[in-house]
Amino acid sequence: MQKKKANLKTTAIPKLFLSYFVPALVAMLALSSYSTIDGIFVGKKLGENALAAIGIAWPIFPVLIAFELLFSVGGATMASYFLGRKKALHARIVFSSVFYFALISSVIGGVALYIFVDSIALMLGSSAQLLPLVKAYIEVIFLGSFIIVLHPMLDIFVINDKRPVLAMVAMIVGSALNIIFNYIFLFILEFGIASSALATLLGHGVGMCILLQHFLRKKGDLYLVGSFNIYALLNATKNGIPQSSSEISVSVMMLIFNHTIASIAGDRGLAIYGVIMYIGIIPFTILLSMAQGVQPIASFNYGAKLMERVMGIFKFGVGFSLIGGIALYVLFYICMPYFVSWFLPNDIAMRDLNLLTDTQDSARIYFLGYVLLGVNIVSAIFFQSIQRTLTSFIVTFTYTLFFALFFVLILPRFYGFMGVMVAYPLGILCSTCVTFIITIYERKRGILKDI
């Protein structure tokens, strides 16, 4: 796709960053559309029970993503590191070991989950009324779980193989096909809720095949070799713990927020929080893409021992994410009425006069956390990129769970529902302070002290 590879050692950092950030942004926005499209189509065609069933099944996806990230992020970081040191064979062994293990384990795991689908559906919280719908949906997801695992994993490796545009194309094509298949299966053929899950798998499957051909045809420095190294896999897993734990932490945080809101504001509060989460996918994806623009540049130059460029991309990424976070908050603050209206019925004012206003006010408070969120994400992924796993884990744990959980257990007792909304930006503010302290330590005594 790209006629000329970017030179990670010499190209100006801003230009190099944008060459990774823009394709990653488009790809991530396409990836994040999968769940939104499923919800829109199922809700419009099959009604609120079917939509509730998908909502009950939602925790499955963070678990699959966490499993994928456990191997892919650490593996890609190691592969990029070895490429920077001109040890391409080592990079290929890392990639091959991660791919083979992820493929085999996700197939076996998917079959095991399918066998226990009844128990899992009940564990997720399904009622007797929704049980058939939940089962129909997650049965398909379980059987195709290897596709959901491999697609984003290959995407990360393609980006680290200097093909960010290919990764973007694969995500766009997969997302577009998910929309088309959802419409055909649900509105034309009327196959039911299982067909929405099938549409998701087919979209991911086509995207996966687009990426896989890059490695099978040996189009870059990375491709599959007939080798499996358990030590490479274990090291990849160690390096992938921070981002994998991030997905689990987010799931735990959302679960606790849901229970807290339900006890305070009932279904109305959950509806407001649900709208905020859907809208929040957009700015979160943009900020995450900024961090993905930093990762391959930092990993490669760290491997090449060009520490000044390593520090240069870190400073640029943090500054870019801070400016981006402020700009996103201002944009969403101004456009909040428009965004909220996407997710609420047209006649909502006739049934709940204040719901639209309450949702807007809550979102504007909650999204204050996004001003500094990018700084934390960029820092966590940067430290992971230079193989500071523990440092990355601390930053990740503080901004995804620790402080937000601390505040959400205290503030609602005094401020009710708004206490829950304030807990998130306060948690991000505290985690940013921790990130700043850690960065100072790394500069004075840690891995960055000689720069």
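The structure presented is a predicted model; accordingly, all values stated were derived computationally and were not measured.
When all heavy atoms of Met290 and Val378 are compared, the closest pair comes out as C-CG2, 4.4 Å. Heavy-atom minimum distance, Leu233 versus Ser97: CD1-O, 4.2 Å. Of all heavy-atom pairs spanning Ile13 and Arg309, the tightest one is CD1-O, 3.8 Å. For Leu131 against Ala121, the heavy-atom pair with the smallest separation is CD1-CB, 3.5 Å. Closest approach of Ala170 to His151, counting heavy atoms only: O-NE2, 4.3 Å. What you find for Val310 and Ala298 is that their closest heavy atoms are CG2-O, 4.0 Å.
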- request: Please test Phe407 against Val422 for side-chain contact (heavy atoms from CB on, under 4.5 Å), starting from the C-alpha separation and ending with a verdict.
  value: CA-CA 8 Å; Phe407 286 117; Val422 172; over 6 Å; no
query: Are Phe67 and Phe71 close enough, and set up right, to give a ring pair (Phe, Tyr, Trp, His ring centres under 6.0 Å), and what steps lead you there?
result: CA-CA 7 Å; Phe67 181 75; Phe71 305 103; 5.1 Å; yes
- prompt: Can you check side-chain contact (heavy atoms from CB on, under 4.5 Å) on Val173 and Val206, steps first, answer last?
  reply: CA-CA 8 Å; Val173 171; Val206 172; 4.0 Å; yes
- prompt: For Leu154 and Phe95, what are the C-alpha separation, side-chain angles and deciding distance, and is it a side-chain contact (heavy atoms from CB on, under 4.5 Å)?
  reply: CA-CA 9 Å; Leu154 291 175; Phe95 168 60; 4.0 Å; yes
- request: Dump the intermediate steps for ring pair (Phe, Tyr, Trp, His ring centres under 6.0 Å) on Phe157 and Phe99, then the final yes or no.
  value: CA-CA 10 Å; Phe157 276 102; Phe99 177 83; 9.0 Å; no
field: Audit row: Lys15, Leu18, side-chain contact (heavy atoms from CB on, under 4.5 Å) steps and yes/no
entry: CA-CA 5 Å; Lys15 181 180 179 180; Leu18 290 175; over 6 Å; no
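Between the Ser175 side chain and the Met171 main chain, no donor and acceptor come within less than 3.5 Å of each other. Between the side chain of Arg163 and the main chain of Val158, no donor-acceptor pair closer than 3.5 Å is present. Listed for the Asn182 side chain is a donor-acceptor partner under 3.5 Å among the backbone atoms of Asn178. The closest donor-acceptor contact from the side chain of Ser392 to the backbone of Ala380 lies under 3.5 Å. Listed for the Tyr329 side chain is no donor-acceptor partner under 3.5 Å among the backbone atoms of Gly369. Here the side chain of Ser263 pairs a donor or acceptor atom with the backbone of Thr260 at under 3.5 angstrom. In this structure, the side chain of Ser289 does not engage the main chain of Phe21 through any donor-acceptor pair within 3.5 Å.
Annotation: side chain of Ile297 is not in contact with side chain of Phe300 (no heavy-atom distance under 4.5 Å). Between Phe382 and Arg388, the closest side-chain pair of non-hydrogen atoms is not below 4.5 Å. A 4.5 Å side-chain heavy-atom check between Ile381 and Val294 finds every atom pair outside the cut-off. When side chains are defined from C-beta on, Ile276 counts as touching Met421, because their heavy atoms get closer than 4.5 Å. Looking at heavy atoms from C-beta onward, Val318 lies out of side-chain contact with Leu322 at the 4.5 angstrom threshold. Ile286 is listed as a side-chain neighbour of Leu25, based on a closest heavy-atom distance under 4.5 Å. Counting heavy atoms from C-beta on, the side chains of Ser379 and Phe314 come closer than 4.5 Å. Put simply, the side chain of Phe185 reaches to within 4.5 Å of the side chain of Leu198, judged on heavy atoms.
Sequence neighbours left out, not one pair with a member in residues 100-117 passes side chain to side chain donor-acceptor pair (under 3.5 Å).
In this structure, Phe367 and Phe332 have perpendicular ring planes: the angle between them is above 60°, well past the 30° mark. A parallel orientation is assigned to the rings of Phe393 and Phe397, their planes being inclined by less than 30° (bins at 30° and 60°).
Going from atom CD1 of Ile156 over to atom CG of Leu69 covers 5.5 Å, rounded to the nearest 0.5 Å. Residue Phe101 holds its CZ atom at 8.5 Å from CG of Leu70, rounded to the nearest 0.5 Å. Annotation: the span from Leu287 atom CG to Leu372 atom CG amounts to 10.5 Å, rounded to 0.5 Å. Interatomic distance, Ile148 CD1 to Ile141 CD1, rounded to the nearest 0.5 Å: 4.5 Å. Atom CZ of Phe142 is separated from atom CG of Leu64 by 8.0 Å, given to the nearest 0.5 angstrom. Rounding to the nearest 0.5 angstrom, the gap separating the CG atom in Leu103 from the CD1 atom in Ile147 is 10.5 Å.
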Which pairs of donor and acceptor atoms, one on a side chain in residues 428-438, lie under 3.5 Å apart (sequence neighbours left out)?
| residue | atom | partner | partner atom | Å |
| --- | --- | --- | --- | --- |
| Ser431 | OG | Asn376 | OD1 | 3.2 |
| Ser431 | OG | Gly427 | O | 3.4 |
| Ser431 | OG | Ile428 | O | 2.8 |
| Thr432 | OG1 | Asn376 | ND2 | 2.9 |
| Thr432 | OG1 | Ile428 | O | 2.7 |
| Thr435 | OG1 | Asn376 | OD1 | 3.0 |
| Thr435 | OG1 | Ser431 | O | 3.0 |

Please report, to 0.1 Å, the donor-acceptor pairs under 3.5 Å made by any side chain of residues 186-195, with sequence neighbours excluded.
| residue | atom | partner | partner atom | Å |
| --- | --- | --- | --- | --- |
| Glu190 | OE2 | Lys45 | NZ | 3.1 |
| Ser195 | OG | Gly192 | O | 2.5 |

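Dense packing is recorded around CZ of Phe316, with more than 12 heavy atoms of other residues, nucleotides or ligands lying under 6.0 Å away.
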